[in-house]
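Heads up: the structure comes next, in structure tokens.
Residue indices begin at 1 and follow the sequence shown. Computed from a prediction, not measured in an experiment: that's the story for all the values here.
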Amino acid sequence: MGYDFKQFKNVNITGIDLSSLGEEELAILYAQARYCQAMTEADIDTMRELVSEDMVYTHMSGRQQTREEYFADIADGSLNYFSIGIADPVIKADGDKAQITYTSVLNANAYGARGTYRMKGTHYYELRDGSWIAVGR
């Protein structure tokens with residue numbers, strides 16, 4: 001399967017040679033990039049498709065939100081993502097579980113604070129019905 005990462009106009013992947021990745025690793029990175037693009041477009045339908053219903057988001061401040069609370073803040077513009085960098089991703093897959101660790105480079109207006117935010121984190125995935133879905137740990 002071919003993965004067209006160039007379609008994600010607001011997502012910049014750096015620090016990895018895509019040609020060095022296997023099919024499974026590409027699929028996981030593609031799911032993450034697709035999710036990041038949906039964040040920048042406030043495309044809540046796509047975000048719902050890519051994230052498990054029981055996901056809990058933790059912000060830099062430590063504040064936690066359910067999936068729907070987080071999506072509501074994106075939909076109403078409280079969280080406005082302009083671009084998202086995926087820097088130096090490391091992808092590990094084991095059967096139907098996977099993780100991707102990278103530095104997020106977010107150009108965003110987060111609750112009135114406009115800036116570029118760099119955060120290292122790990123995102124977890126499960127293979128469900130042939131698609132990689134973001135899950136809590």
* Asked: Can you check whether V51's main-chain N or O pairs, donor with acceptor, with R67's side chain at less than 3.5 Å?
  -> yes
* Would you check if there is a donor-acceptor pair between the side chains of Y111 and D73 at a distance under 3.5 Å? => yes
* Do R34's NZ or CZ and the ring of Y3 fall within the cation-pi criteria of under 6.0 Å and 45°? -> no
* Asked: Mind checking whether I84 and M119 sit in one hydrophobic cluster, side chains of I, L, V, M, F, W, Y counted as touching below 4.5 Å?
  -> yes
* State, to 0.1 Å, how close I16 and P89 come at their nearest heavy-atom pair, and which atoms those are. => CD1-O, 3.5 Å
* Asked: Could you walk me through whether E126 and S52 pass the side chain to side chain contact (heavy atoms under 4.5 Å, CB included) check?
  -> CA-CA 9 Å; E126 285 183 9; S52 69; over 6 Å; no
* Please report the shortest heavy-atom distance between L50 and A31, naming the atom on each side. => CD1-O, 4.2 Å
* List the atom of A93, the atom of A98, and the distance in Å for their closest heavy-atom pair. => CA-CB, 4.0 Å
* **D88 vs Y102 side-chain heavy atoms within contact, under 4.5 Å** => no
* **Shortest non-hydrogen separation from Y117 to A108 and the atoms involved** => CE1-O, 3.8 Å
* Asked: Taking atom CD of E53 and atom CD of E68, what is their separation to the nearest 0.5 Å?
  -> 8.0 Å
* **Heavy atoms from other residues, nucleotides or ligands near CD of Q7 exceed 12 (cutoff 6.0 Å)** => yes
* Other residues, nucleotides, ligands: >12 heavy atoms within 6.0 Å of D94 CG -> no
* Pairwise distance CD1(I133) to CG(D96) - rounded to 0.5 angstrom -> 12.5 Å
* Structure fact -> Of all heavy-atom pairs linking A87 and V105, the shortest is CB-CG2, 4.5 Å
* Please answer whether the main-chain N or O of N10 pairs with a side-chain N or O of Q37 as donor and acceptor at a distance below 3.5 Å. => yes
* Asked: Does M55 reach the side chain of Y70, with side-chain heavy atoms less than 4.5 Å apart?
  -> no
* Considering all heavy atoms of both residues, which atom of T66 and which atom of Y57 are nearest to each other, and what is their separation? -> O-CD1, 4.2 Å
* Inter-residue atom distance C36.SG - L29.CG, 0.5 Å rounding -> 9.0 Å
* Asked: Is a side-chain donor-acceptor pair under 3.5 Å present for D17 with S20?
  -> no
* Asked: Is there a side-chain contact between H123 and I86 (heavy atoms, below 4.5 Å)?
  -> no
* Asked: Is the shortest heavy-atom distance from the side chain of F5 to the side chain of L26 under 4.5 Å?
  -> yes
* Linking I/L/V/M/F/W/Y whenever their side-chain heavy atoms sit closer than 4.5 Å, directly or via other members, would M39 and V11 fall into one cluster? -> no
* Does the side chain of Y125 pick up a donor-acceptor pair with the side chain of Q32 at under 3.5 Å? -> yes
* For a side chain to side chain contact (heavy atoms under 4.5 Å, CB included) with Y81, tell me which candidate from N107, N109, L106 qualifies. => L106
* With the 4.5 Å side-chain cut-off for hydrophobic clustering, are I44 and L79 part of the same group? -> yes
* Are I13 and Y35 in one and the same hydrophobic cluster, where Ile, Leu, Val, Met, Phe, Trp and Tyr link if side-chain heavy atoms are under 4.5 Å apart? -> no
* To do: Can you measure from CD1 (I28) to CH2 (W132) and round to the nearest 0.5 angstrom?
  => 4.5 Å
* Short N-O contact, R63 and E69, less than 4.0 angstrom -> no
* May I ask you to check whether F8 and Y30 place their ring centres under 6.0 Å from each other? => yes
* Can L18 be reached from I91 by stepping across I, L, V, M, F, W or Y side chains whose heavy atoms are under 4.5 Å apart? -> yes
* To do: Quick one: pull up CD1 in I100 and NZ in K92 and give me the separation to the nearest 0.5 Å.
  => 12.0 Å
* Output the distance between atom CG (D43) and atom CD (E49), rounded to the nearest 0.5 Å. => 9.0 Å
* Determine whether I74 and M47 make a side-chain contact, defined as any pair of heavy atoms from C-beta on separated by less than 4.5 Å. => yes
